[in-house]
Number of protein chains: 4
Amino acid sequence: MVSGLLGPLVTTEAMRRVFADRARLQRMLDFEAALARGEAAAGIIPAPAATAIAARCRAELLDPEELARAAARAGNVAIPLVEALTALVARDDPTAARYVHWGATSQDVQDTALVLQLREALGEVEGSLAELSAVLAELASRHRRTVMAGRTWLQQAQPITFGLKAAGWLSAIERHRGRLAETRARALVLQLGGAVGTLDALGAAGPEVVARVAEELGLAAPDVAWHAQRDRLAEVATTLGLLVGTLGKLAGDVTLLAQTEVAEAAERAAPGRGGSSAMPQKRNPVAAVVVRAAALRAPGLVATMLTSMVQEHERGAGGWHAEWETLPELVALAAGALARVREIVEGLELDPERMRRNLALAGGTIQAASVATALAARLGRPAAHGVVAEAAHRAAAEGRPLREVLLEHEVIRDALTPAELDAALDPERSIGAAEALVDRVLAARRRG
Amino acid sequence: MVSGLLGPLVTTEAMRRVFADRARLQRMLDFEAALARGEAAAGIIPAPAATAIAARCRAELLDPEELARAAARAGNVAIPLVEALTALVARDDPTAARYVHWGATSQDVQDTALVLQLREALGEVEGSLAELSAVLAELASRHRRTVMAGRTWLQQAQPITFGLKAAGWLSAIERHRGRLAETRARALVLQLGGAVGTLDALGAAGPEVVARVAEELGLAAPDVAWHAQRDRLAEVATTLGLLVGTLGKLAGDVTLLAQTEVAEAAERAAPGRGGSSAMPQKRNPVAAVVVRAAALRAPGLVATMLTSMVQEHERGAGGWHAEWETLPELVALAAGALARVREIVEGLELDPERMRRNLALAGGTIQAASVATALAARLGRPAAHGVVAEAAHRAAAEGRPLREVLLEHEVIRDALTPAELDAALDPERSIGAAEALVDRVLAARRRG
Amino acid sequence: MVSGLLGPLVTTEAMRRVFADRARLQRMLDFEAALARGEAAAGIIPAPAATAIAARCRAELLDPEELARAAARAGNVAIPLVEALTALVARDDPTAARYVHWGATSQDVQDTALVLQLREALGEVEGSLAELSAVLAELASRHRRTVMAGRTWLQQAQPITFGLKAAGWLSAIERHRGRLAETRARALVLQLGGAVGTLDALGAAGPEVVARVAEELGLAAPDVAWHAQRDRLAEVATTLGLLVGTLGKLAGDVTLLAQTEVAEAAERAAPGRGGSSAMPQKRNPVAAVVVRAAALRAPGLVATMLTSMVQEHERGAGGWHAEWETLPELVALAAGALARVREIVEGLELDPERMRRNLALAGGTIQAASVATALAARLGRPAAHGVVAEAAHRAAAEGRPLREVLLEHEVIRDALTPAELDAALDPERSIGAAEALVDRVLAARRRG
Amino acid sequence: MVSGLLGPLVTTEAMRRVFADRARLQRMLDFEAALARGEAAAGIIPAPAATAIAARCRAELLDPEELARAAARAGNVAIPLVEALTALVARDDPTAARYVHWGATSQDVQDTALVLQLREALGEVEGSLAELSAVLAELASRHRRTVMAGRTWLQQAQPITFGLKAAGWLSAIERHRGRLAETRARALVLQLGGAVGTLDALGAAGPEVVARVAEELGLAAPDVAWHAQRDRLAEVATTLGLLVGTLGKLAGDVTLLAQTEVAEAAERAAPGRGGSSAMPQKRNPVAAVVVRAAALRAPGLVATMLTSMVQEHERGAGGWHAEWETLPELVALAAGALARVREIVEGLELDPERMRRNLALAGGTIQAASVATALAARLGRPAAHGVVAEAAHRAAAEGRPLREVLLEHEVIRDALTPAELDAALDPERSIGAAEALVDRVLAARRRG
């Protein structure tokens with residue numbers, strides 16, 4: 001359903017390749033080839049038959065459109081695929097054709113093909129994450145002392161450094177790398193159980209065949225078939241859903257910093273990028289907006305994967321089918337959002353001068369907490385908070401600098417020397433442990 | 001992203017046509033043509049320019065793949081489309097080219113094109129609903145007296161008729177027809193506001209142009225542009241989401257009735273349909289399962305449309321973009337599920353004889369409520385309920401017929417004559433007002 | 001599960017009242033009383049029994065905590081409620097006790113009680129919506145000419161008026177009023193079908209009893225019981241979900257306007273409101289943030305209601321139960337968000353002077369589209385767009401006023417007189433049809 | 001919002017305790033006490049002040065209802081809590097009162113309190129999972145050879161053993177134990193950053209204070225504050241969402257096996273459990289239905305947590321607030337569903353005799369795949385599949401035993417001896433590697 005006119009905004013070339021119809025077909029054929037080889041090795045089918053079958057397991061020998069039509073009737077694509085492959089093998093080697101798909105069921109092919117696609121896709125994601133991590137680390141390090149307004153509830157709050165903001169993004173990305181590794185270890189598992197998971201058609205050799213086919217494909221062997229236990233695939237969805245959430249947060253920060261009234265950051269300009277058909281001056285944060293859109297879409301797809309886990313008995317009657325388009329869509333969305341975020345971070349144009357100016361926008365009231373802290377050593381936290389709050393609100397109401405209003409309070413003049421007050425009013429001296437915290441994140445990253 | 005290998009299971013030909021890339025392109029060009037004509041009629045642009053522009057608004061003159069690539073850079077497809085159309089017009093009529101897209105913004109084109117696609121798609125859905133309604137009415141009428149087990153909590157409860165079950169489905173479908181009509185009236189509205197909704201580039205003629213362009217396209221004119229007020233589109237999603245819920249319920253009932261152990265209904269058999277690659281005897285309820293899958297997927301897509309309603313200021317930075325693939329996907333899913341349900345209902349194979357046998361499965365305990373009602377007239381509801389409950393549980397535990405156990409109770413023998421007891425134990429006489437209720441639903445349908 | 005410590009942020013007093021345990025109990029008893037009266041009127045049970053039963057249908061006579069414990073065992077609250085009511089009636093009138101709950105099933109009581117609660121809650125929502133509509137209309141009217149920056153993709157785009165922004169909110173609210181009215185008409189329907197919807201225990205009088213009980217309760221009578229057809233309740237969820245989306249959009253706009261760097265709007269200040277435990281100067285947009293949170297939560301609850309529509313046969317085994325907490329939670333969330341939005345809109349503090357200043361923030365580049373429109377009359381739209389885009393980007397890059405850069409272009413000096421250029425650069429003269437559009441929305445509202 | 005009348009169905013006593021208002025208050029006070037102690041140890045505040053503060057950090061000294069009211073005004077509960085605690089300390093020790101909440105921000109208290117509640121709740125879940133695992137292992141082992149119908153698409157497919165079904169459940173539960181351990185390690189982390197994460201008010205000692213407070217509370221110290229990086233909490237949601245999916249699958253299987261027409265399993269009967277107010281014979285699978293409801297609700301709550309991850313800058317304006325009720329609700333739902341599943345599994349009543357009879361329901365066609373496998377060794381897979389499919393469909397259509405129809409085929413009589421055919425038609429001999437697979441799962445569990 002996804003329009004070629006709209007899709008490229010977020011889908012990467014790599015994901016188009018991994019999830020293309022022909023690629024899917026090939027992964028299903030990879031299963032059939034590995035199955036035949038594994039069964040031959042276990043003595044279940046004749047070795048020459050396996051050779052003959054494996055030799056025909058090439059997607060270019062089949063017609064995806066005809067398979068699609070047959071799939072609509074049959075209810076899944078594996079049945080017509082097996083028929084087509086059988087016919088293909090039979091053309092040259094009728095004996096070998098007798099052993100195509102031996103002992104397997106449709107879901108064995110389809111699930112394993114999906115797992116093979118996921119391995120490729122998650123490998124891409126893992127690589128991109130590592131690269132993003134490196135770029136973020138460089139950014140955090142470079143801007144460890146670049147002072148800017150910290151903002152809470154979308155209000156200026158107290159100074160931070162841009163490095164600390166980037167370190168926050170980085171810290172989350174590092175956790176996602178950990179999650180992804182754990183998920184891959186659990187999810188990249190062969191599906192092979194036969195009709196109902198008993199491997200009945202393979203006799204006593206069933207478990208051996210499972211081990212050999214898994215080895216052929218470089219996948220882990222399952223303890224037991226997972227036809228109706230979908231936690232592995234659903235975890236791929238949740239792990240990517242979590243990642244997309246973090247990417248959306250990062251992209252959201254960038255769009256907010258790029259607002260005309262804030263103007264502290266912008267995506268790299270490029271010809272034909274971010275313009276408007278009506279407004280000549282526009283330079284829209286195109287990539288960030290695409291990522292925010294992904295972050296709005298991923299949760300619904302994750303929820304579908306979770307709801308679909310309730311599958312009946314030995315094979316679901318709906319839940320399995322609901323996964324088919326949902327999981328690839330989510331994977332592509334996550335990979336695309338990741339690619340876009342990397343593009344954003346690499347090209348990010350920062351304006352430290354504007355950051356400095358924005359700190360002064362509200363008459364210096366962003367320093368209220370620092371002043372209160374300085375005062376608290378003398379007056380205690382509650383009293384200090386009260387007197388500064390009163391001054392800050394008056395400064396805001398009257399449009400005067402906080403410093404001026406503060407100096408009208410005798411209690412403040414008594415408590416703080418002018419030098420102490422100036423120190424408290426200086427954003428550069430109000431970034432606390434920002435640098436040390438950036439270092440902690442960078443060090444943790446190096447440790448892995 | 002949707003695989004041609006998997007998509008046909010639910011997507012209909014009609015929806016593939018409506019949402020094809022080329023169709024989308026044509027709907028955008030329809031907007032540009034209507035815009036030019038409307039502006040010429042309002043005296044904003046020269047009439048010959050409008051004629052020249054409109055003449056080039058044909059999708060086959062543009063290259064969708066090149067537009068897709070440019071869209072990925074620009075952030076939306078309207079910008080490259082306008083550029084391409086301008087170039088096309090300029091080739092023969094440079095003056096006319098000056099007036100392409102006059103006064104409009106990208107979102108005007110994109111939203112209106114989507115609305116035009118929705119008009120077509122919802123028209124299809126409306127027609128299918130009417131046809132489904134007719135088929136269900138016939139089914140309900142035909143089986144008004146076909147007695148079967150009513151089931152609650154997946155336990156046999158008390159007899160119903162199949163007609164009553166079908167009338168329940170029909171009653172919901174009729175409500176969906178009402179909802180869809182209301183939604184269409186609210187949603188099929190032109191989008192035209194220029195950059196920020198003020199129609200600034202159209203001067204005083206703005207509202208007139210809006211009216212004329214709406215008329216050209218056969219859409220309602222908005223009171224004010226809805227660039228960032230997305231309730232109209234989100235309502236399309238919720239209305240279809242509700243419909244898919246009902247379709248899922250119907251399909252769910254069919255899969256449950258088709259269970260080997262129940263076997264009261266089956267989808268129409270057809271060659272190559274519902275088989276299994278491992279199990280020769282299988283006749284899977286393919287269409288019903290596809291509909292159940294749709295009912296698992298739709299809610300997540302609806303949620304995305306709702307979450308995306310929170311769009312910023314005069315045009316969203318993410319929410320709008322999240323709609324682009326989500327709404328067409330949901331519409332196609334709903335239309336596909338509807339087509340599948342019609343196929344199910346039209347081909348439904350019922351086994352009234354098995355229904356009758358299933359009523360006797362649990363030793364007649366399904367009649368417990370009827371017996372209790374008969375007794376209640378003598379003993380009161382609580383006492384009647386208690387004594388029958390005891391008997392029913394004993395019958396179940398000992399595997400004996402309920403009748404036999406009941407007759408061991410003196411209180412029952414005293415309260416009911418054998419004829420009364422037999423009446424209460426007869427499913428045919430325990431369907432209450434089922435027939436009258438079927439008639440009410442059919443009558444309500446005829447009234448519309 | 002909802003904490004009394006956290007809940008009050010969004011839940012209103014009215015909703016706490018409507019959905020209190022005792023209120024729910026009373027609504028269930030209202031059903032039992034109406035049932036008894038309706039059955040007496042139809043000659044199904046003795047009139048004195050109905051009188052005696054109805055007289056005991058008072059929540060204060062029952063113990064909610066004991067019922068809750070029994071409900072956990074029984075699987076629903078109706079069973080212990082009927083037992084407790086029966087015992088209560090039996091204490092004084094053993095004969096009447098025989099007729100308690102006659103012919104009804106647990107779901108009849110529970111669904112009808114919920115519908116009665118919904119009637120009350122939706123009535124509140126309807127009233128609040130009308131009041132919000134009035135306040136928004138006044139706001140839109142008052143600020144029809146208050147010029148400010150229109151923003152798209154979170155970038156300044158072109159001038160609008162605040163009145164137009166408010167009119168956009170209002171237009172959506174008016175549509176929600178229409179939706180709510182339609183939903184109420186469909187949803188406020190009695191549930192009464194007995195065990196499986198056949199009204200078996202009521203004999204031929206079933207439909208008459210349904211009509212009489214509906215009349216007693218002031219609800220519509222259903223054509224057929226809707227135990228497993230949940231579209232009515234799910235529609236309540238979707239209609240409110242749509243409303244919350246619009247409320248979130250409005251609240252989102254307010255938080256963005258309230259940013260320190262924008263400062264065009266603020267929630268009304270009040271003691272103890274919107275402060276911070278760390279930052280004395282903070283004045284957080286508390287109400288708007290609560291509404292945004294509601295807009296994040298509602299879609300998930302709507303999705304649950306939709307997923308839960310797939311209920312089995314004559315009563316669901318899970319779907320029905322999933323509604324129990326979900327729908328009241330969503331209703332309370334919507335009503336709370338609505339109350340908060342009304343509070344925001346009524347107390348909104350606007351700063352037209354700051355709006356004016358913000359228009360000049362980016363060197364006048366917000367006027368680029370207006371200048372391009374003025375030029376387009378001479379150069380055609382594409383050429384005009386190109387030359388202004390070039391100038392606007394240069395102005396931005398060099399930090400110079402757009403006017404200055406424009407005047408360096410000979411083509412511009414030739415095309416526009418200084419007066420024309422100044423007009424195009426004047427935000428006050430670049431609001432297009434804003435006022436007329438505000439009037440259209442206000443007029444549409446008056447027509448209803 | 002959650003009704004005491006409805007909640008107990010799924011909420012356990014333990015979760016009510018963990019998430020009670022007073023417990024939440026105490027966890028916030030635990031943070032304040034640990035903060036004071038940690039700061040004293042780091043030399044930031046005087047040791048006697050810390051002692052005095054910690055001594056007052058007892059929930060019973062505060063009034064939750066008054067705090068709730070103040071929270072509704074302030075926008076969060078931490079602000080009035082800090083005020084109340086300050087006043088309490090000040091009563092006896094005005095000097096100590098100056099140091100309450102020193103250097104912390106509201107979110108530090110609220111997030112850490114939530115993490116402390118999660119530690120307790122997840123500890124419960126972990127314990128319950130271990131117990132469920134043990135019960136399932138026993139069940140799988142006991143029924144390793146209990147033959148029953150395997151079912152796919154809700155159709156009888158081929159025989160399995162009940163032990164294999166239980167092993168499938170167990171295998172998933174073991175993976176969830178792994179996920180939960182990983183999630184706990186990542187999520188149980190102190191929140192402490194001060195206003196914007198810089199620890200500004202703590203000077204150079206900030207990181208030391210963080211370490212000491214974390215140690216006081218037995219939590220991990222964060223590398224950097226995670227006020228706006230919510231992946232840790234969202235992961236708690238996804239991990240539990242995955243778990244609930246598996247629980248729903250298990251409960252779904254039980255409701256399907258408990259159907260009147262299947263009757264192979266039932267929940268343990270108990271007085272007042274699973275009855276009906278209308279149908280005396282009913283014995284509803286109450287616990288399983290509650291779990292299915294939980295599985296319908298959890299995905300929407302997970303989606304909310306994911307959508308809410310997009311939090312602005314250094315503290316979110318909506319996303320944070322959306323978590324407040326969502327995460328506790330989800331945790332309680334998961335813990336409750338888990339408790340109910342344990343109850344189901346422990347009390348599960350199985351009917352192996354009925355399982356055997358059900359295998360014969362469809363004239364032995366459930367053996368079709370086994371016969372085809374036996375034949376395939378002679379005829380090849382495709383031909384074998386074809387001939388058995390034809391026979392199975394004829395057997396079904398004519399209502400005759402599969403054996404009888406098979407014997408009419410000469411090709412079958414030629415290919416298989418009567419003994420071979422009987423073996424292939426014997427469910428007991430058609431369970432493939434079921435026992436070995438059960439053993440693999442049990443062995444993997446023992447290895448951990």
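Naming: A, B, ... by sequence-line order, numbering from 1 per chain.
Looking only at heavy-atom pairs under 4.5 Å with chain C, the residue among Ala317(B), Ala443(B), Gly193(B), Gly318(B) that has the most is Ala317(B). Per-residue counts of heavy-atom pairs under 4.5 Å with chain C were compared for Ala436(B), Ser370(B), Gly432(B); the largest is that of Gly432(B). Of the residues considered (Ala369(C), Ala234(C), Ser430(C)), Ser430(C) shows the highest number of contacts with chain B, using heavy-atom pairs under 4.5 Å. Per-residue heavy-atom pair counts under 4.5 Å with chain B were compared for Thr238(C), Thr105(C), Leu296(C), Leu247(C), and the maximum is reached by Thr238(C). Per-residue counts of heavy-atom pairs under 4.5 Å with chain B were compared for Leu154(C), Val438(C), Thr95(C), Thr161(C); the largest is that of Leu154(C). In terms of heavy-atom pairs under 4.5 angstrom with chain B, the leader among Leu243(C), Thr183(C), Val224(C) is Val224(C). Top candidate by heavy-atom pairs under 4.5 Å with chain B, chosen from Ala49(C), Gly194(C), Gly245(C), is Gly245(C). Counting heavy-atom pairs closer than 4.5 Å to chain C, the top-ranked of the candidates Ala167(B), Pro299(B), Ala90(B) is Pro299(B). With chain C as the partner, the residue from Ala225(B), Ala434(B), Ala201(B), Gly178(B) showing the most heavy-atom pairs under 4.5 Å is Ala201(B). Between chain C and the residues Ile45(B), Leu250(B), Ile160(B), Thr304(B), the largest count of heavy-atom pairs under 4.5 Å involves Ile160(B). Comparing Gln155(B), Met305(B), His101(B) by heavy-atom pairs within less than 4.5 Å of chain C, the highest count is held by His101(B). By number of non-hydrogen pairs under 4.5 angstrom with chain B, the leading residue of Ala383(C), Ala228(C), Ala298(C), Gly300(C) is Ala228(C).
Contact annotation: the side chain of Arg381(B) never approaches that of Tyr99(C) to less than 4.5 Å [non-hydrogen atoms, C-beta and beyond]. Put simply, the side chain of Pro382(B) does not reach to within 4.5 Å of the side chain of Val100(C), judged on heavy atoms. Using a 4.5 Å heavy-atom cutoff, the side chains of Glu235(C) and Arg175(B) are not in contact. Two residues are said to be in side-chain contact when any heavy atoms from C-beta on lie closer than 4.5 Å; Leu437(B) and Leu199(C) meet this criterion. Contact of the Met309(B) side chain with the Thr246(C) side chain is registered, since non-hydrogen atoms from C-beta on lie closer than 4.5 Å.
The CG atom of Leu242(C) sits 11.0 Å away from atom CG of Leu233(B), with the distance rounded to the nearest 0.5 Å. Considering NE2 of His176(B) and CZ of Arg186(C), their distance stands at 9.5 Å, rounded to 0.5 Å. Thr198(B) OG1 to Ile431(C) CD1: the interatomic distance, rounded to the nearest 0.5 Å, is 8.0 Å. Between the CG atom of Leu257(B) and the NE2 atom of His313(C) there is a distance of 5.0 Å, given to the nearest 0.5 Å. A distance of 9.0 Å separates CG in Asp231(B) from CD1 in Ile173(C), rounded to the nearest 0.5 Å. In this structure, Trp153(C) CH2 and His321(B) NE2 are separated by 3.0 Å, a value rounded to the nearest 0.5 Å.
Neither the backbone nor the side chain of Thr239(C) has a heavy atom closer than 4.5 Å to any heavy atom of chain B. Ala97(C) touches chain B through its backbone: at least one of N, CA, C or O sits under 4.5 Å from a heavy atom, while the side chain does not. With a threshold of 4.5 angstrom between heavy atoms, Leu379(B) approaches chain C through N, CA, C or O but not through any side-chain atom. Proximity to chain B (any heavy atom under 4.5 Å) is shown, for Val210(C), by neither the backbone nor the side chain. At a 4.5 Å heavy-atom cutoff, Pro94(B) makes no contact with chain C through either its backbone or its side chain. Only the backbone of Ala149(C) comes within contact range of chain B, judged by heavy atoms closer than 4.5 Å. Contacts of Thr86(C) with chain B are made by side-chain atoms alone, with heavy-atom separations under 4.5 Å and no backbone atom involved. Neither the backbone nor the side chain of Arg230(C) comes within less than 4.5 Å of any heavy atom in chain B. Contacts between Pro159(C) and chain B at a heavy-atom distance below 4.5 Å involve the backbone alone (N, CA, C, O). Both the backbone and the side chain of Ala433(B) come within less than 4.5 Å of a heavy atom in chain C. Looking at Ala195(B), the atoms closer than 4.5 Å to chain C (heavy atoms on both sides) sit in the backbone and in the side chain alike. If you measure heavy-atom distances from Ala172(C) to chain B, the contacts under 4.5 Å come from both the backbone and the side chain.
Taking all atoms of both residues into account, the shortest heavy-atom contact from Glu312(C) to Leu256(B) is CG-CD1, 3.6 Å. Annotation for Gln158(C) and Asp200(B): closest pair NE2-OD2, 2.8 Å, computed over non-hydrogen atoms. A pairwise comparison of heavy atoms in Ala157(C) and Val196(B) identifies CB-CG1, 3.6 Å as the closest pair. Val310(C) and Gly248(B) get closest at one heavy-atom pair: CG1-O, 3.5 Å.
With Glu314(B) as reference, Lys165(C) is the one residue of Arg151(C), Lys165(C), Lys249(C) to meet the salt bridge (Lys or Arg N to Asp or Glu O under 4.0 Å) rule.
Checking side-chain atoms of Gln229(C) against main-chain N and O of Gly168(B) turns up a donor-acceptor pair under 3.5 Å. At least one donor-acceptor pair under 3.5 Å links the side chain of Arg98(C) to the backbone N or O of Arg378(B).
A salt bridge is absent between Arg179(B) and Glu182(C): the closest approach of a Lys/Arg side-chain nitrogen to an acidic carboxylate oxygen does not fall below 4.0 angstrom.
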